[in-house]
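Below: the structure, in C-alpha coordinates.
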Amino acid sequence: MKGQKFLKVTSILMIIGGVIGVIAGIIAILGISALAALMETSEGTGLLYASSTIVTLASVIQFVAGIKGISACNAPQKAAACIKWGVIIAVLSIISMIIGLVAGGDFSITSLILNLLVPGLYIYGAIQVKNGSQE
(Lines give C-alpha, C1' and ligand atoms only; values in the text may rest on other atoms or scores of the structure.)
Protein backbone atom coordinates (compact mmCIF):
# COMPACT_ATOMS: atom_id res chain seq x y z
CA MET A 1 0.00 0.00 0.00
CA LYS A 2 1.23 3.48 -0.86
CA GLY A 3 2.91 5.28 2.05
CA GLN A 4 2.76 2.32 4.42
CA LYS A 5 6.55 2.00 4.88
CA PHE A 6 6.90 5.76 5.09
CA LEU A 7 4.35 5.96 7.90
CA LYS A 8 5.90 2.99 9.69
CA VAL A 9 9.40 4.49 9.66
CA THR A 10 8.23 7.91 10.85
CA SER A 11 6.07 6.24 13.51
CA ILE A 12 9.10 4.37 14.84
CA LEU A 13 11.04 7.65 14.88
CA MET A 14 8.15 9.25 16.79
CA ILE A 15 8.17 6.45 19.36
CA ILE A 16 11.93 6.73 19.87
CA GLY A 17 11.74 10.53 20.06
CA GLY A 18 8.79 10.33 22.44
CA VAL A 19 10.61 8.03 24.86
CA ILE A 20 13.75 10.19 24.79
CA GLY A 21 11.65 13.34 25.22
CA VAL A 22 9.74 11.97 28.22
CA ILE A 23 13.00 10.99 29.91
CA ALA A 24 14.56 14.39 29.16
CA GLY A 25 11.41 16.21 30.32
CA ILE A 26 11.36 14.36 33.64
CA ILE A 27 15.07 15.05 34.14
CA ALA A 28 14.48 18.73 33.34
CA ILE A 29 11.63 19.00 35.84
CA LEU A 30 13.75 17.30 38.52
CA GLY A 31 16.66 19.58 37.65
CA ILE A 32 14.53 22.68 37.99
CA SER A 33 13.32 21.44 41.37
CA ALA A 34 16.91 20.81 42.48
CA LEU A 35 17.95 24.26 41.27
CA ALA A 36 15.08 25.87 43.16
CA ALA A 37 16.06 23.94 46.30
CA LEU A 38 19.70 25.00 46.01
CA MET A 39 18.73 28.62 45.49
CA GLU A 40 16.22 28.32 48.35
CA THR A 41 13.62 30.08 46.21
CA SER A 42 11.30 29.08 43.42
CA GLU A 43 11.14 32.60 42.01
CA GLY A 44 11.54 32.65 38.25
CA THR A 45 11.09 28.93 37.77
CA GLY A 46 7.48 29.09 36.54
CA LEU A 47 8.39 29.48 32.87
CA LEU A 48 10.97 26.70 33.15
CA TYR A 49 8.40 24.38 34.70
CA ALA A 50 5.86 25.29 32.01
CA SER A 51 8.31 24.65 29.19
CA SER A 52 9.49 21.35 30.66
CA THR A 53 5.92 20.22 31.26
CA ILE A 54 4.93 21.04 27.66
CA VAL A 55 7.96 19.14 26.35
CA THR A 56 7.04 16.13 28.48
CA LEU A 57 3.39 16.29 27.42
CA ALA A 58 4.34 16.66 23.75
CA SER A 59 6.68 13.68 24.07
CA VAL A 60 3.92 11.51 25.53
CA ILE A 61 1.61 12.58 22.69
CA GLN A 62 4.40 11.87 20.21
CA PHE A 63 4.84 8.37 21.66
CA VAL A 64 1.09 7.69 21.42
CA ALA A 65 1.01 9.04 17.86
CA GLY A 66 3.85 6.72 16.92
CA ILE A 67 1.95 3.71 18.22
CA LYS A 68 -1.20 4.83 16.42
CA GLY A 69 0.81 5.32 13.23
CA ILE A 70 2.11 1.77 13.33
CA SER A 71 -1.42 0.44 13.78
CA ALA A 72 -2.62 2.66 10.91
CA CYS A 73 -0.18 0.91 8.58
CA ASN A 74 -2.30 -2.22 8.86
CA ALA A 75 -5.66 -0.43 9.13
CA PRO A 76 -5.72 2.51 6.69
CA GLN A 77 -9.04 3.79 8.05
CA LYS A 78 -7.05 4.95 11.11
CA ALA A 79 -4.77 7.17 9.01
CA ALA A 80 -7.06 10.21 9.30
CA ALA A 81 -6.58 10.16 13.07
CA CYS A 82 -2.81 10.06 12.53
CA ILE A 83 -3.02 13.29 10.56
CA LYS A 84 -4.68 14.96 13.55
CA TRP A 85 -2.06 13.56 15.94
CA GLY A 86 0.71 14.89 13.69
CA VAL A 87 -0.83 18.37 13.62
CA ILE A 88 -1.13 18.38 17.42
CA ILE A 89 2.55 17.48 17.76
CA ALA A 90 3.58 20.18 15.28
CA VAL A 91 1.53 22.80 17.16
CA LEU A 92 3.02 21.76 20.50
CA SER A 93 6.51 22.01 18.99
CA ILE A 94 5.78 25.56 17.87
CA ILE A 95 4.35 26.48 21.29
CA SER A 96 7.44 25.06 22.97
CA MET A 97 9.66 27.17 20.71
CA ILE A 98 7.63 30.30 21.48
CA ILE A 99 7.98 29.70 25.21
CA GLY A 100 11.70 29.28 24.71
CA LEU A 101 11.83 32.61 22.88
CA VAL A 102 9.83 34.34 25.61
CA ALA A 103 12.25 32.91 28.17
CA GLY A 104 15.12 34.59 26.35
CA GLY A 105 16.23 31.92 23.90
CA ASP A 106 17.38 32.59 20.37
CA PHE A 107 15.30 31.86 17.28
CA SER A 108 16.82 29.40 14.87
CA ILE A 109 15.22 28.49 11.57
CA THR A 110 17.23 25.26 11.62
CA SER A 111 15.73 24.31 14.99
CA LEU A 112 12.24 25.10 13.73
CA ILE A 113 12.71 22.94 10.65
CA LEU A 114 14.17 20.05 12.64
CA ASN A 115 11.35 20.23 15.23
CA LEU A 116 8.74 20.07 12.48
CA LEU A 117 10.51 17.58 10.19
CA VAL A 118 9.40 14.27 11.73
CA PRO A 119 5.81 15.39 12.46
CA GLY A 120 5.59 16.75 8.91
CA LEU A 121 6.86 13.51 7.41
CA TYR A 122 4.50 11.57 9.69
CA ILE A 123 1.55 13.61 8.41
CA TYR A 124 2.72 13.09 4.83
CA GLY A 125 2.92 9.32 5.38
CA ALA A 126 -0.54 9.26 6.98
CA ILE A 127 -1.97 11.18 4.02
CA GLN A 128 -0.37 8.71 1.62
CA VAL A 129 -1.85 5.74 3.51
CA LYS A 130 -5.25 7.44 3.71
CA ASN A 131 -5.28 8.27 -0.01
CA GLY A 132 -3.92 4.83 -0.91
CA SER A 133 -6.85 3.15 0.85
CA GLN A 134 -9.40 5.29 -1.02
CA GLU A 135 -8.17 4.24 -4.46
Side-chain angles (χ1 to χ4, degrees):
M1 181 184 327
K2 188 176 181 183
Q4 188 175 15
K5 288 183 182 179
F6 201 85
L7 181 60
K8 185 173 272 189
V9 169
T10 56
S11 295
I12 291 169
L13 290 174
M14 299 267 283
I15 290 170
I16 293 169
V19 169
I20 292 170
V22 167
I23 292 169
I26 291 171
I27 290 172
I29 291 170
L30 293 174
I32 295 165
S33 298
L35 181 66
L38 286 173
M39 292 175 51
E40 297 179 353
T41 181
S42 62
E43 184 177 321
T45 59
L47 202 53
L48 291 172
Y49 275 120
S51 179
S52 297
T53 303
I54 288 174
V55 166
T56 306
L57 175 67
S59 297
V60 169
I61 292 172
Q62 186 173 350
F63 178 77
V64 170
I67 291 172
K68 295 218 178 258
I70 288 176
S71 69
C73 290
N74 300 324
Q77 64 273 19
K78 296 180 181 179
C82 291
I83 296 168
K84 293 174 188 170
W85 282 101
V87 169
I88 290 169
I89 293 166
V91 168
L92 286 175
S93 293
I94 292 170
I95 290 171
S96 179
M97 284 196 78
I98 291 171
I99 290 175
L101 290 172
V102 169
D106 294 329
F107 176 77
S108 168
I109 192 70
T110 307
S111 179
L112 177 65
I113 291 170
L114 290 176
N115 281 333
L116 297 177
L117 182 66
V118 173
L121 294 174
Y122 175 82
I123 292 168
Y124 175 76
I127 290 170
Q128 292 295 314
V129 170
K130 180 182 173 194
N131 291 341
S133 70
Q134 293 174 354
E135 293 176 354

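These numbers come from the heavy atoms of this one structure, side chains and all, not from hydrogens, waters or symmetry mates.
The shortest non-hydrogen separation linking Ala79 to Val129 is CB-CG1, 4.0 Å. For Ile29 against Ser52, the heavy-atom pair with the smallest separation is CG1-CB, 3.6 Å. Contact record, Gly86 with Pro119: O-CB, 4.0 Å, taken as the closest heavy-atom pair. Ile83 approaches Ala126 most closely through the heavy-atom pair CG1-CB, 3.7 Å.
Interatomic distance, Ile16 CD1 to Phe63 CZ, rounded to the nearest 0.5 Å: 11.0 Å. The line from CG of Leu92 to CG of Asn115 is 11.5 Å long, rounded to the nearest 0.5 Å. For the atom pair Ile98 CD1 and Phe107 CZ, the distance stands at 10.0 Å (nearest 0.5 Å). The SG atom of Cys82 sits 5.5 Å away from the CG atom of Leu7 when rounded to the nearest 0.5 Å. From Leu116, atom CG reaches atom OG of Ser111 across 9.0 Å, with rounding to the nearest 0.5 Å. Taking CD1 from Ile88 and CG from Leu57, the interatomic distance works out to 10.0 Å, rounded to the nearest 0.5 Å.
Following chains of ILVMFWY side-chain contacts shorter than 4.5 Å, one cannot reach Trp85 starting from Ile70, and the two form parts of different hydrophobic clusters. By the criterion of side-chain heavy atoms lying less than 4.5 angstrom apart, applied directly or through intervening Ile, Leu, Val, Met, Phe, Trp or Tyr residues, Ile94 is not grouped with Leu114; the two fall into different hydrophobic clusters. Following chains of ILVMFWY side-chain contacts shorter than 4.5 Å, one cannot reach Phe6 starting from Ile89, and the two form parts of different hydrophobic clusters. Cluster annotation: Leu101 is connected to Ile54 through the hydrophobic network of ILVMFWY side chains, with a link wherever side-chain heavy atoms come within less than 4.5 Å. A chain of hydrophobic side-chain contacts below 4.5 Å, direct or via other Ile, Leu, Val, Met, Phe, Trp or Tyr residues, connects Leu13 to Ile61.
Test Thr10, Val87, Val9, Ile127 against Tyr122 for side-chain contact (heavy atoms from CB on, under 4.5 Å) and you get one pass: Thr10.
Chaining together hydrophobic side chains whose heavy atoms lie under 4.5 Å apart leaves Val55 on its own.
Looking only at side-chain heavy atoms (C-beta outward), Val64 and Met14 stay at 4.5 Å or farther from each other. Residues Met97 and Leu112 meet the side-chain proximity criterion, which asks for heavy atoms closer than 4.5 Å.
Listed by chain and number, the residues in a side-chain hydrogen bond (donor to acceptor under 3.5 Å, both in side chains) with Ser108 amount to none (sequence neighbours excluded). Applying the ring pair (Phe, Tyr, Trp, His ring centres under 6.0 Å) rule to Tyr49 yields no partners; only residues at least two apart in sequence or on another chain are considered.
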